[in-house]
2 protein chains.
Amino acid sequence: MCEDRQSRRRRDPAATRTALLRAAGELFAERGFDQTTVREVASRAEVNQALLFRYFGSKQELFAEVLSHNSEALLDGGSPEELPRRILESVLSEHVGAGTEHTLVALLRSFSDERAARLLRDELGGAYAERLARFTDAPDAELRADLVLAWFFGVGMMRSVLRKSPLAEAPTEVVVDHLMRAVSLLLEKNSPTGGDED
Amino acid sequence: MCEDRQSRRRRDPAATRTALLRAAGELFAERGFDQTTVREVASRAEVNQALLFRYFGSKQELFAEVLSHNSEALLDGGSPEELPRRILESVLSEHVGAGTEHTLVALLRSFSDERAARLLRDELGGAYAERLARFTDAPDAELRADLVLAWFFGVGMMRSVLRKSPLAEAPTEVVVDHLMRAVSLLLEKNSPTGGDED
DNA sequence: GCGAGTAGTAAGCAGCTGCTTACTTGTCGT
DNA sequence: ACGACAAGTAAGCAGCTGCTTACTACTCGC
């Protein structure tokens with residue numbers, strides 16, 4: 001740090017792009033899409049704000065890039081049985097600004113933006129729900145999956161966005177434990193349906 | 001309707017105030033605090049936008065007034081046993097713009113606003129969680145209550161704000177049924193704790 | 001009828017937003 | 001060494017935001 005990058009480290013387009021993406025990812029997660037300005041992003045990245053438009057075209061496209069860049073990691077890898085736990089842990093990961101897991105927080109803060117809402121509902125939500133639905137053979141499996149997903153998102157919202165006590169301070173394992181127990185009731189095989197099924 | 005109110009029905013401050021509150025309530029629920037402009041509110045209320053500031057001082061105060069005006073109905077009335085179901089139904093009430101039940105939707109869309117977040121977390125959330133916690137005697141009753149509340153809010157978000165299928169289209173009773181069954185697992189008396197309690 | 005006070009109006013201000021443009025400066029192939 | 005092109009910069013634009021101000025005109029007590 002504190003190298004004289006004023007005139008030295010200039011002209012590094014890859015680093016500039018990365019810095020912008022990083023800063024944008026952090027700020028979108030911290031404040032949401034609306035509340036983040038391109039000037040803030042450029043400032044945190046220590047980059048001239050005109051470059052943001054040179055590299056990404058618009059604030060929306062930058063947002064989309066941040067999301068697609070980060071959301072892949074949420075869906076891939078790991079065994080299917082671990083999926084609920086993995087979604088949960090990504091939702092519960094506390095400290096925003098660390099790596100790439102805070103995409104969900106960014107989305108939960110930004111669904112006033114149409115694109116963010118679509119992504120949360122259709123792409124990410126759709127993929128999660130589809131996989132969760134496989135855990136049960138109940139006739140309304142998809143609805144049950146949606147309910148589970150809604151829970152995960154709701155917990156993420158209350159914990160990471162709103163930071164409500166005591167939920168925000170509870171150890172991750174305790175929260176996961178409670179949730180998984182209730183979820184298994186909704187998603188168990190040979191589920192004895194309550195009676196309603198349409 | 002269609003009376004020549006241009007010059008007739010003027011000079012009715014009470015009606016003007018009410019019209020502004022109504023329009024604001026609808027728009028905040030439809031678009032959230034950030035995405036709603038004072039010009040839109042005034043326009044929907046068919047009122048000059050300067051009057052909005054005469055009557056309410058600022059957009060923030062108008063928002064606060066809308067919320068306090070509507071949120072009382074959410075907490076009062078009904079027996080304690082019905083509380084979870086009542087919260088749920090207010091969260092699940094589909095059509096925004098009807099009466100006063102869409103306060104929660106407005107809040108869920110607006111928590112980028114600091115005041116909305118505080119209200120959702122501390123006042124409304126706090127009151128709900130406290131009451132929900134009374135349903136169980138588990139040592140971590142408050143955490144369990146938060147988890148239940150997070151679920152309700154999450155379901156409200158997915159259903160009323162994001163409108164994800166099939167959750168958005170599912171009959172209210174079916175959703176309530178599923179939720180109540182899982183909730184009773186978390187909030188039952190003499191709950192056999194999993195082992196963790198801090 | 002008439003002055004007073006207030007509901008209602010039109011116009012506009014300062015500040016911020018996303019985005020652009022005209023320009024300078026560094027880098028690299030030749 | 002130098003010319004060309006790309007990376008980086010400063011300044012500014014149009015549009016919108018919440019909010020204000022200077023004004024008109026209605027209503028009501030007298």
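So that the names make sense, note that chain A is the first sequence line, chain B the second, and so on, each numbered from 1.
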Between the protein and nucleotides 28-30 of chain C, list every N/O to N/O distance that falls short of 3.5 Å.
none

Please list all pairs passing the ring pair (Phe, Tyr, Trp, His ring centres under 6.0 Å) test where one or both residues lie in residues 22-42 of chain B, with sequence neighbours left out.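 Applying ring pair (Phe, Tyr, Trp, His ring centres under 6.0 Å) to every pair that reaches into residues 22-42 of chain B, excluding sequence neighbours, yields B:F28-B:F33, B:F28-B:F63, B:F33-B:F63.
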
Pairing donors with acceptors under 3.5 angstrom, does anything connect the side chains of A:E40 and A:T36?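 No, because no side-chain N or O of A:E40 sits under 3.5 Å from a partner of the opposite role on A:T36.
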
Intermediate values then yes/no, side-chain contact (heavy atoms from CB on, under 4.5 Å), B:E123 and B:L67: CA-CA 11 Å; B:E123 298 186 35; B:L67 293 179; over 6 Å; no

Between CZ on residue B:R17 and CG on residue B:L62, distance to nearest 0.5 Å: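 It is 9.0 Å, given to the nearest 0.5 Å.
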
Partner set under side-chain hydrogen bond (donor to acceptor under 3.5 Å, both in side chains) for B:K59, not counting sequence neighbours: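 If we apply the side-chain hydrogen bond (donor to acceptor under 3.5 Å, both in side chains) test to B:K59, skipping adjacent residues, there are no hits.
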
Between C1' of C:dG8 and CG of B:L51, the distance in whole Å: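 It is 5 Å, rounded to the nearest whole Å.
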
Within the 4.0 Å limit for protein heavy atoms, which parts of nucleotides 14-23 of chain D are touched? Write it as a string from 5' to 3', B for base, S for sugar-phosphate only, - for none. ---BBBBB--

Under the side-chain contact (heavy atoms from CB on, under 4.5 Å) criterion, do B:W151 and A:L147 qualify, and how do the steps go? CA-CA 8 Å; B:W151 203 358; A:L147 288 171; 4.3 Å; yes

Remember a base hit wins even if backbone is also touched, and classify A:F56 as base, sugar-phosphate or nothing at under 4.0 Å, heavy atoms.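 Answer is nothing: A:F56 stays at 4.0 Å or more from every strand.
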
What bend angle does the helix from C:dG1-D:dC30 to C:dT30-D:dA1 show across its length, from five-pair end axes and to the nearest 10 degrees? 0°

Report each atom pair, protein N/O against N/O of nucleotides 1-3 of chain D, whose distance is under 3.5 angstrom.
none

Main chain of A:G32, side chain of A:Q35: is a donor-acceptor contact present, judged purely on distance under 3.5 Å? no

